[in-house]
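Quick notes on the structure that follows.
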Number of protein chains: 2
Amino acid sequence: MSNRRTPSARERVSLRAVAELADVSVATVSRVMSHSSHPVAEETRKRVLEAAERLGFQPNQLARALVTARSQTVGVIVHDISDPYFGELVKGLEDEIRADGYRLFVASSDRNPERELEYLRAFDAYQVDALVFAASALEDADYRREVETLVGRFESRGGITLVLSDHFAAGHRVQFDNRAATAAMVDYLVDRGHRRIGFILGPPDLTVSNHRHEGFRRALERRKLSYDPALVAEGSFSIEGGKRAAMQIVSAGEPTAIFASNDLMAIGAIRALLDNGYRVPEDVSVAGFDDMLLAEYAPVPLTTVRVPTYDIGREGAILLRRILAGEDVEDVRLVGEIVERRSVVAPPA
Amino acid sequence: MSNRRTPSARERVSLRAVAELADVSVATVSRVMSHSSHPVAEETRKRVLEAAERLGFQPNQLARALVTARSQTVGVIVHDISDPYFGELVKGLEDEIRADGYRLFVASSDRNPERELEYLRAFDAYQVDALVFAASALEDADYRREVETLVGRFESRGGITLVLSDHFAAGHRVQFDNRAATAAMVDYLVDRGHRRIGFILGPPDLTVSNHRHEGFRRALERRKLSYDPALVAEGSFSIEGGKRAAMQIVSAGEPTAIFASNDLMAIGAIRALLDNGYRVPEDVSVAGFDDMLLAEYAPVPLTTVRVPTYDIGREGAILLRRILAGEDVEDVRLVGEIVERRSVVAPPA
DNA sequence: CTGAAAGCGCTTACAG
DNA sequence: CTGAAAGCGCTTACAG
């Protein structure tokens, strides 16, 4: 009488249990639970539903995915999920794709090629229906080669790939022209009278950093301003990096404005400048890039380039839905705009 | 000669293909690919590995999970992945659990009971090995009942549940005492001479909001200060909410300090106060809660309660690893501390 | 409208 | 050390 059944017995309620209780075949249960178009008598359907309810039946998606070859999952690669840029993008993606029944794997590469590749392989192994590159490409030859063959295999299996960043991977894309947006901010600064403009670079091994850098150089050229290496420093897209880079530029180059290629670095720059006795924007103007949620609440409200992060995610999800529905789609192009706040004014006389 | 094989043919490389190429059974291939302890001759292993390499074989995790009843995935529920609080927590979790081969599903409930339940059911359907409640419980009777039965079913199936927030769900937990930490900040304020302290509440349907509110009331009581409803307003854990609440409190209650129950609201409060001609902290002090990355870079560097968000995630992952390894574990307790910056001083004379 | 059966891609006793 | 076979929990032609 004792021990016939341990209390910790793993009870997995399967189609079969429901079928037995409802006294029908598993095929029939499957049809009603998966909302198949195959006809089922109303009375039968009711019995099945009741049995499923009573047993607390939850169809096993792994089994379903295995046979249908559709997992209803998507894998998204970000650099760092604690970076608000990626949080907002993923939120946009999730908000839009949720209703279609897709679930998200999210993975932070930490800009480490090995790590990103490991995640890409894992996503492939989990048979995600789509691979999303929310993170910029890394500039590394081995990485490039590996990504190309992985994505190639993935697509030959019927997977779809979506690029939401400056990444070389072949696939559908939501484009944001980082070069043009960077150049637009340089124009804005020059138009206000700045001639000595410092620039804080992102990590050099990121494609997006290089694109923004190119935008900066080209705009300078177009405006007949020379590119002075003393005015350029690396800030690794972080607050601390922004602080260091700003102090370096200010002590070596006497800029009237500093343009940080993301908001985190701009915020660091403002803080460092303020703490070292510079007035912002009176002594030196500071501009950012991204317009993250908190840009408005920086030590000085930040004038920056708005990247529609949430919408990039959202438009990506819309694209995905249409592709999965078999539609022919075109890439989407999103543009930036300059948000004027208080961190930029004309240079001191 | 044409059309024998469309270029888009879905080529899924399976164990069987590798077995054929290596001229062994699928059992043998399985053993080498899954690093089984079952012995395989060195020469055979080599042949299998080569064949797998040549074909670009990637084991199908869905199939593996189906038979082993271990998916190597965990599902985490947050309120909003674009909120840095959750981003940091998820990062801590991911950084630590990654090496064990676990992958993360992440889902934002938007504090909507239906939505959270939908995600919980989905995670169950995907056979996650663990369910992680990173988000506080919602105060809703139906929600409570449903969560309890879902979690019950999940655990009876052998799933493990991990609670990293103020949530009633039964399971292993990493605890942070929100009541005590809130009370500590009240003590800090009172010790500096404040008697009229405003309080900005989080959303009332969140357990964590209520716990912080309780901490506030109790500390007041302990310090023999009365609870004045004119000094309390709701701010929904958002910047905008913090702005509104701060102005409401300041115009109705003449506080010398405002304690916002999260940093986002504190930042909103500071900005609103500043923009309305109040000096912070000279006219009114402002304290926050969380110590998010950007708290130091608020319009006035924020004095706040540090919640070890990243570590909560990290400790959760460590707990998870030990549980999955079959160890007996105890809940973890993490404590807050007050981080003094520039937004709090003694009240004006 | 219903069901028996094959099969998705793996793992794992069991036998040799 | 190797393999044949059953089975994980589903779906889906196929037959009736």
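Labels below follow one simple rule: chain letters A, B, ... track the order of the sequence lines, proteins then strands, and each chain is numbered from 1.
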C:dC14 pairs with, by Watson-Crick or G-U criteria that keep both distances under 3.5 Å:
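Across all strands, the one nucleotide that pairs with C:dC14 is D:dG3.
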Does any donor atom in the side chain of [X] or [Y] lie under 3.5 Å from an acceptor atom in the other side chain?
X: B:Ser108; Y: B:Asp110; result: no
X: A:Tyr310; Y: A:Asp95; result: yes
X: B:Ser71; Y: B:Gln127; result: no

Angle between ring planes, A:Phe105 versus A:Tyr126, binned at 30° and 60°: parallel, tilted or perpendicular?
tilted
When we call it a touch if two heavy atoms are under 4.0 Å apart, what does [X] touch: a base, just sugar-phosphate, or nothing?
X: A:Ser30; value: base
X: A:Arg16; value: nothing
X: A:Ser34; value: sugar-phosphate
X: B:Ala41; value: sugar-phosphate

When you list every nucleotide of DNA chain D with an atom under 4.0 Å from a heavy atom of chain B, which one comes first 5' to 3', and which comes last?
D:dC1 to D:dG9
Step-by-step salt bridge (Lys or Arg N to Asp or Glu O under 4.0 Å) determination, A:Asp100 to A:Arg321
CA-CA 8 Å; A:Asp100 294 86; A:Arg321 163 168 41 236; 2.3 Å; yes
Just checking A:Glu53: does its CD atom have more than 12 heavy atoms from other residues, nucleotides or ligands closer to it than 6.0 angstrom?
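No, CD of A:Glu53 has 12 or fewer neighbouring heavy atoms, counting only those of other groups under 6.0 Å.
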Quick check on DNA chain D: between A:Phe57 and B:Arg45, whose nearest nucleotide comes earlier from the 5' end?
B:Arg45
A:Val26 or B:Val26, whichever maps to the more 5' nucleotide of DNA chain C:
A:Val26
